[in-house]
Asks: 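Handing you a structure now.
Every chain is numbered from 1 and lettered A, B, ... according to where its sequence line falls, protein lines coming before strand lines. Note that this is a predicted model, so its numbers are computed, not measured.
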Number of protein chains: 4
Amino acid sequence: MGAKGRRLPRAVREQQMLDAAVTTFGQRGYRAASMDEIAEAAGVSKPLVYLYLNSKDDLFGACVRREAEALVGAVRAAVEDGPPDRQLWSGLRGFFAHAAGSPDGWAVLYLHARTHGEPFARDFVAMREEIVTYVTRLIAEAARASDCEPKPDEREVSGLAHALVGAAESLAGWMNCGARDGAPSAKEAAGLLMNFAWAGLDNLMQGRPWSPTR
Amino acid sequence: MGAKGRRLPRAVREQQMLDAAVTTFGQRGYRAASMDEIAEAAGVSKPLVYLYLNSKDDLFGACVRREAEALVGAVRAAVEDGPPDRQLWSGLRGFFAHAAGSPDGWAVLYLHARTHGEPFARDFVAMREEIVTYVTRLIAEAARASDCEPKPDEREVSGLAHALVGAAESLAGWMNCGARDGAPSAKEAAGLLMNFAWAGLDNLMQGRPWSPTR
Amino acid sequence: MGAKGRRLPRAVREQQMLDAAVTTFGQRGYRAASMDEIAEAAGVSKPLVYLYLNSKDDLFGACVRREAEALVGAVRAAVEDGPPDRQLWSGLRGFFAHAAGSPDGWAVLYLHARTHGEPFARDFVAMREEIVTYVTRLIAEAARASDCEPKPDEREVSGLAHALVGAAESLAGWMNCGARDGAPSAKEAAGLLMNFAWAGLDNLMQGRPWSPTR
Amino acid sequence: MGAKGRRLPRAVREQQMLDAAVTTFGQRGYRAASMDEIAEAAGVSKPLVYLYLNSKDDLFGACVRREAEALVGAVRAAVEDGPPDRQLWSGLRGFFAHAAGSPDGWAVLYLHARTHGEPFARDFVAMREEIVTYVTRLIAEAARASDCEPKPDEREVSGLAHALVGAAESLAGWMNCGARDGAPSAKEAAGLLMNFAWAGLDNLMQGRPWSPTR
DNA sequence: TATGAATGAGCTTTCATTCAT
DNA sequence: CATGAATGAAAGCTCATTCAT
């Protein structure tokens, strides 16, 4: 394979392999991705991938965990780096930016880990739960800060968080999943979601839910 | 396989095969589903599957098209069968009911066709577009009927339709994808979505969008 | 693979495969024998071997069972076909003749099944036990017929059977295992063994065992 | 790894490697034993094994030769250390004691070298021949010492030696090969074999062979 | 001297696909 | 119409072996 960076320390090679694996798994899916392809994309031979990462399952698991941590970390960092009175908005932007910035990682999590059964789906659900919990806290803080009355019930806030996260994921999927027509940028997606949701959240928090009978 | 259902007319046999294929593809995914498994599930021999449906790809394509038409048809039928002043609500209920009623078909479309690359992803996107367009029309009619001022701009309505459909898909995925915690029924999902979204749509249509600066 | 007997019924193909597998396993051992080699020796493609016989382990197991039955059957048949007053001699000749006639089957049992661990070693031990039990009965009958006094104790007879069988196996191994110098024919081996052992057996049965002190 | 026994003289290292190799080859067989496993068992790195012993084949060959010499040596030493009028008995006891004391070495010779084809089977046969020749001499001397008449013919003595050695090997195999039922100790095995064989040898040497016709 | 890094080649197994009947 | 028989091609994984330090 030529003189391309041979004989590197293990940690470096492992990252190369994970990068290649995320790309390949993200684009092809677990089954369709072959270890040959991943090894070639990483610029190493297949046995080395097995030596360092054990098996296709272990490799996929490592990808899932790495990407899950990266996504959660991106949201947290965005919130912490943004203005304290706009945490939800910052978090959403961070979420969309990360999703747009690493579409393969996003696909690994939301398209493949989710559908590939037990060890992985569990990791995925855990990550999702972590985000939802975090968003629940952000919403609750926003509600407290805005002094809305009556104080929204905790269960309700959690439901809103689920819905909000679900909507964000859906938009991110639209963004990433190869839609050719007017797919929005990360910033537009965040705006659209706030537009779509905020008044609803707001009204709900005022105790005025929409109901089928009006 | 003895005398079990032999010599059926071609159309019937084909439906059996498609049923079996949708179930198998839906549960296992494209790659993990084997033609052996599908043929056995359909109660026919493998060569017959090839005789009628040509190849694994063609078979999958037929599944995707059949399920896409079924989903779009279910939404349309629900709207047409419902009260004329609640078309959106009826459509959503139809959407969720269909998704809940044929989870394998849903999985074929949203989990597998979407991720399996070109001929199928295109079919999927076309179906999605059809739904979004249809929803756009429903929203526009609702707006016209409610005489809101100023008339919402067309591009905006389309964005809302995308968001609404995306949110609905996300909820349907939650419903179907083996979520252990409180996954909602089809009816609850529709209510939740209207609750979440309607006030937002309403406000937007009154010309009062949320904006990052307040 | 040319026109060599294609499209044969399953039972026939299975025997071809077992034949080839016994040859290959016998000559190379379990690990060194490759499924490619076996398939080629059988004149079929590898997938057909898997279709009919499932896995390398199952194939090996089938070989072991077939050869075990063949060996036991050969001994039994030789005894039944021989003169009723020379059953042990007939049985030994049958044993050596079978071992010499199918050295690969013999190697599968005595060289490979025996050393390849649990499911197979158990089958091997069961077969060996069957032979030892049978020989025990033959010896007991011979003793009864010859009216020897004192009647040999049952446990002693069983020990003699073990020793006799062991010696026979050892001679058969010598016969089969590629020894180039004066390896005996089946008939010679039987004679040698009787020569070697009979007087000993005889004396023992007369209650005059050899002892270290004279 | 670390500071565990580094910088040992070459001869010591080589013995460690051979010890580990004999253990591993004996328990797993040639093919199933991996160089990784052997290197780890020896507490050294794999390249060092190659540096000292060249290749897997060479390593196996070294094991075979070492164990063959050890076995022959054990028999010779037992004979020389025992009473001059019981050489055969001493030799047998030495044989069984050695086999029981180093079962892995025994397995390397009798289970694996014997079945692994040419360079090794030749070494094995050479060793066996050496033992048989030695035993032939012992028997001949015993016959001379006991003044039996007529002098047994040389070829006959050689055949007896083969049979005796074969029986001993068979018993040793029974002893070592994980037999669950009443496998004998080394001493019992020697007694059993003498019991079984001596009267036969004795009679033969008196010129009274057993013959098929009575 | 001794080793971490790396690979070519081969093995078992699976699967979409096609004949011949 | 319908199927049992058969295979080419590829995938996951392992292992003996060699560099570069």
Asks: Under a 3.5 Å distance rule, please check whether D:Ser55 uses its side chain to pair with a backbone N or O of D:Asp58 as donor and acceptor.
Replies: yes

Asks: Check the distance between E:dT12's P and C:Ile38's CD1 and give it to me in whole angstrom.
Replies: 8 Å

Asks: Would you indicate what A:Ala32 reaches in the nucleic acid, counting non-hydrogen atoms under 4.0 angstrom: base, sugar-phosphate, or nothing?
Replies: nothing

Asks: Write down the partner of F:dG12 under the Watson-Crick or G-U wobble criteria, each distance required to be under 3.5 Å.
Replies: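 Answer to the pairing question: E:dC11, which forms a Watson-Crick or G-U pair with F:dG12.
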
Asks: For B:Leu59 and E:dT17, give me the distance from atom CG to atom C1', rounded to whole Å.
Replies: 14 Å

Asks: More 5' along DNA chain F: A:Ser55 or C:Leu51, using each one's nearest nucleotide?
Replies: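 Of the two residues, C:Leu51 wins.
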
Asks: Give one of base, sugar-phosphate or nothing for D:Ala39, where a contact means two heavy atoms less than 4.0 Å apart.
Replies: nothing

Asks: Which of these passes side-chain contact (heavy atoms from CB on, under 4.5 Å) with B:Phe25: B:Glu67, B:Lys56, B:Glu37, B:Arg31?
Replies: B:Lys56

Asks: Can you tell me the base-pairing partner of F:dA20? Count Watson-Crick or G-U wobble geometry only, both distances below 3.5 Å, and say none if there is no partner.
Replies: E:dT3

Asks: Just say parallel, tilted or perpendicular for the rings of A:His116 and A:Phe120, cut-offs at 30° and 60°.
Replies: tilted

Asks: For D:Tyr30 and for A:Tyr30, locate the closest nucleotide of DNA chain F by heavy-atom distance; then report the residue assigned to the nucleotide nearer the 5' terminus.
Replies: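 The residue mapped nearer the 5' terminus is A:Tyr30.
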
Asks: Output the rounded distance in Å from CD (C:Glu40) to C1' (F:dA6).
Replies: 16 Å

Asks: For B:Met35 and F:dT7, what is the distance between atoms CE and C1' respectively, to the nearest whole Å?
Replies: 16 Å

Asks: Of the options E:dC15, F:dG12, E:dT3, whose atoms approach the side-chain atoms of C:Pro47 most closely?
Replies: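 Side chain of C:Pro47 sits closest to E:dC15.
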
Asks: More 5' along DNA chain E: A:Arg10 or D:Tyr52, using each one's nearest nucleotide?
Replies: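 Between the two, 5'-proximity favours D:Tyr52.
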
Asks: Between A:Gln15 and A:Arg10, is a side-chain hydrogen bond (donor to acceptor under 3.5 Å, both in side chains) present by the stated rule, with each step listed?
Replies: CA-CA 9 Å; A:Gln15 287 310 311; A:Arg10 172 166 183 155; over 6 Å; no

Asks: So, does the side chain of C:Lys46 form a donor-acceptor pair with the base of F:dT7 at under 3.5 Å?
Replies: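 Result: no qualifying N/O pair found.
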
Asks: Using only heavy-atom distances, decide whether a donor-acceptor pair under 3.5 angstrom links the side-chain of A:Arg7 to the base of E:dA6.
Replies: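 There is none.
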
Asks: Measure CG/B:Asn54 against P/E:dT18 and give the value in whole Å, please.
Replies: 9 Å

Asks: Taking atom types as modelled, find out whether C:Asn176 and C:Tyr110 have a side-chain donor-acceptor pair closer than 3.5 angstrom.
Replies: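 Side chains of C:Asn176 and C:Tyr110: no pair found under 3.5 Å.
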
Asks: How many whole angstroms separate atom CD of A:Glu37 from atom C1' of F:dA10?
Replies: 13 Å

Asks: Does F:dA6 have OP1 or OP2 under 4.0 Å away from a side-chain N or O of C:Tyr50?
Replies: no

Asks: Look at the side chain of B:Lys56 and decide which nucleotide, out of E:dA16, F:dA6, E:dA6, has an atom nearest to it.
Replies: E:dA16

Asks: Output the rounded distance in Å from CG (A:Asp36) to P (E:dG8).
Replies: 12 Å

Asks: What integer distance in Å separates C:Phe60:CZ from E:dT12:P?
Replies: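 Taking CZ of C:Phe60 and P of E:dT12, I get 13 Å after rounding.
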
